[in-house]
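Below: one structure, written as structure tokens.
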Amino acid sequence: MNSGTLAGIAAQLMANDKGLLAIDESVGTCNQRFAALGIAQSAESRRRWRELIIATPDLSQSISGVILYDETIHQATADGRAFVDVLASAGILVGIKVDTGAKALAGFPGETITEGLDGLRDRLQAYATLGARFAKWRAVFSAEDGTPSPACIKANAHALGRYAALCQEAGLVPIVEPELLMAGDHDIEYCGKLSQTILETVFSQLSAQRVLLEGMILKPNMVLAGSECVDQATLDRIVDETVTCLLRSVPAAVPGIAFLSGGQSPELASARLNALNAPSATKLPWPLGFSYGRAIQQPALALWGGQDANSGLAQASLAERARCNRAARSGAYVASTDVTP
Ligand code: 13P
């Protein structure tokens with residue numbers, strides 16, 4: 001492992017207020033999103049959609065890295081250029097989702113453990129050879145019905161630690177993603193407490209597995225009230241709870257925090273990131289950025305609808321959302337100039 005290279009990749013991912021774009025939905029998840037919009041669910045549809053995204057003009061002005069899925073990293077444009085080459089020539093770093101999904105955790109109904117450690121060393125090597133420079137693994141926790149259990153948090157944190165260590169051995173920067181879902185009627189304080197416990201456990205496992213903190217990126221949820229909570233928090237409260245949680249649990253050596261969007265609307269995901277980066281906000285040890293999937297893709301996917309004639313409109317929407325989030329990294333996002341339809 002070359003610690004300087006890992007730190008360099010992590011710095012590049014966070015540099016110039018740019019952020020990450022996650023287009024790493026599994027076949028099942030991508031098909032579900034297509035089905036909801038009446039788009040054909042086939043490998044060719046998924047390839048066309050991903051080609052549209054990575055060929056978006058000027059995407060690299062706001063996006064430093066794109067996270068691909070196994071199917072996608074092997075695909076090419078209609079005129080035969082490998083997706084990894086298209087991204088590399090735009091100066092965008094290639095990332096790859098390497099977990100194999102959240103599966104039922106035995107003995108803990110309703111809870112999941114993210115799998116994918118078996119054979120991971122060989123898969124990482126193969127992805128690095130294809131041109132990947134960073135990887136992603138998502139652990140997912142529910143905040144409903146008394147979950148997550150300590151056992152679920154510990155098992156997932158342990159897997160994140162094992163994954164991150166293997167990534168660094170292969171020269172890939174691990175994106176460490178523990179996501180506490182928004183679903184539920186819990187208040188923001190509850191989300192903050194649980195998020196803190198999860199992050200403390202994750203960093204304890206990263207340390208136990210000798211993960212180089214300078215060579216990773218943390219991808220957490222923002223601290224928010226549950227989506228069904230009647231008492232939705234103000235922007236100020238979200239900033240306060242999120243910053244408090246992160247300051248209590250994330251070591252200063254971590255070179256960057258890139259939030260997931262988690263089902264927030266595109267505009268809220270930008271506005272909240274903006275508030276976290278307001279010039280008046282507390283000075284923090286790490287830059288706060290974004291690694292959004294739905295909050296960048298969703299309006300564009302609806303505009304595209306599977307029709308080539310709509311590709312230009314969809315690309316304009318993607319570029320606009322990416323631009324908004326880049327602006328939010330310096331507190332310069334202005335909701336009134338957000339032209340997302
Ligand atoms: P969302 O921004 O849609 O939550 O997706 C981010 C991601 O990569 C989930 O693993």
Side-chain angles (χ1 to χ4, degrees), residues 13 18-34 36-37 49-50 53 62-73 92-103 112-116 132 134-143 156 159-160 163-164 167 173-183 191 195 198 202 216-224 226-227 242 256-273 276 288-302 317-318 321-322 324-326 328-329 340:
L13 288 171
K18 295 184 190 180
L20 308 184
L21 169 57
I23 60 166
D24 61 340
E25 298 83 7
S26 63
V27 169
T29 301
C30 191
N31 281 348
Q32 270 175 23
R33 297 199 182 143
F34 281 8
L37 293 165
W49 172 237
R50 268 69 182 253
I53 295 172
S62 312
I63 298 297
S64 55
V66 169
I67 311 173
L68 303 176
Y69 179 63
D70 181 68
E71 177 182 65
T72 321
I73 200 170
I92 295 176
L93 292 172
V94 174
I96 179 76
K97 184 236 284 291
V98 299
D99 66 69
T100 56
K103 309 285 161 55
T112 61
I113 175 72
T114 298
E115 295 188 346
F134 69 104
K136 187 193 97 173
W137 179 291
R138 172 176 175 258
V140 56
F141 305 99
S142 154
N156 276 288
L160 279 167
Y163 140 81
C167 282
V173 166
I175 306 286
V176 173
E177 180 179 8
E179 175 175 7
L180 181 64
L181 295 169
M182 287 194 330
C191 175
S195 300
I198 291 167
V202 167
M216 63 161 279
I217 302 282
L218 178 70
K219 175 166 173 167
N221 51 279
M222 290 179 191
V223 176
L224 304 169
S227 47
T242 302
I257 294 178
F259 292 105
L260 57 92
S261 62
Q264 301 176 70
S265 72
E267 296 76 12
L268 280 179
S270 297
R272 289 165 175 169
L273 181 63
L276 283 157
L288 299 182
F290 60 95
S291 176
Y292 290 163
R294 284 163 288 178
I296 294 178
Q297 288 186 63
Q298 209 54 35
L301 183 62
S317 168
L318 282 164
R321 287 261 53 88
C324 287
N325 290 309
R326 185 182 183 201
R329 281 207 52 195
T340 301

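These numbers come from a predicted model, not from an experiment. Numbering of ligands and ligand atoms starts at 1, following listing order.
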Inset, instruction - Nearest 0.5 Å please: distance from the CE atom of Met222 over to the CG atom of Leu180. - result: 14.0 Å
Legend entry - Contact check, Gly262 vs ligand 1, heavy-atom distance below 4.0 Å: yes
Legend entry - Identity and separation of the nearest protein heavy atom to atom 5 (O) of ligand 1: Gly293 N, 3.6 Å
Legend entry - Side-chain ion pair, Asp24 and Lys136, N-O less than 4.0 Å: yes
Legend entry - Distance filter under 4.0 Å to Lys136 heavy atoms, resulting ligand 1 atoms: 7 (C), 8 (O), 9 (C), 10 (O)
Legend entry - Identified side chain to side chain contact (heavy atoms under 4.5 Å, CB included) counterpart of Leu20 within the set Val66, Ile175, Asn325, Leu93: Ile175
Legend entry - atom 9 (C) of ligand 1: the protein heavy-atom neighbour that sits closest, reported with distance to 0.1 Å: Glu177 OE2, 3.2 Å
Inset, instruction - Determine whether the side chain, the backbone, both or neither of Arg138 has a heavy atom under 4.0 Å from any heavy atom of ligand 1. - result: side chain
Legend entry - Close approach of Ser291 to ligand 1, heavy atoms, under 4.0 angstrom: yes
Legend entry - Leu224/Gln264 under side chain to side chain contact (heavy atoms under 4.5 Å, CB included): CA gap, chis, key distance, verdict: CA-CA 10 Å; Leu224 304 169; Gln264 301 176 70; 3.9 Å; yes
Legend entry - Contact check, Lys97 vs ligand 1, heavy-atom distance below 4.0 Å: no
Inset, instruction - Examine the proximity of ligand 1 to Ser261 and report which part, side chain or backbone, both or neither, has a heavy atom under 4.0 Å away. - result: both
Inset, instruction - Considering only non-hydrogen protein atoms, determine which one is nearest to atom 6 (C) of ligand 1 and report residue, atom name and distance to 0.1 Å. - result: Lys219 NZ, 3.4 Å
Legend entry - Under-4.0 Å heavy-atom contact with ligand 1, by part of Ala295 that carries it: neither
Legend entry - Which of the ligand 1 atoms, numbered from 1, are nearer than 4.0 Å to a heavy atom of Tyr292: 2 (O)
Inset, instruction - For Lys219 and Ser291, indicate whether the former's side chain and the latter's backbone hold a donor-acceptor pair under 3.5 Å. - result: yes
Inset, instruction - Could you tell me which non-hydrogen atom of Ile63 sits nearest to which non-hydrogen atom of Ile296, and how far apart they are? - result: CD1-CD1, 4.3 Å
Inset, instruction - Decide yes or no for Ile217 and Pro174: does some side-chain heavy atom of the first lie under 4.5 Å from some side-chain heavy atom of the second? - result: no
Inset, instruction - Can you sort out the partners of Arg33 under salt bridge (charged side-chain N to carboxylate O under 4.0 Å, His left out), two or more places apart, ordered by chain and number? - result: Glu25
Legend entry - Which of the ligand 1 atoms, numbered from 1, are nearer than 4.0 Å to a heavy atom of Ala22: 8 (O)
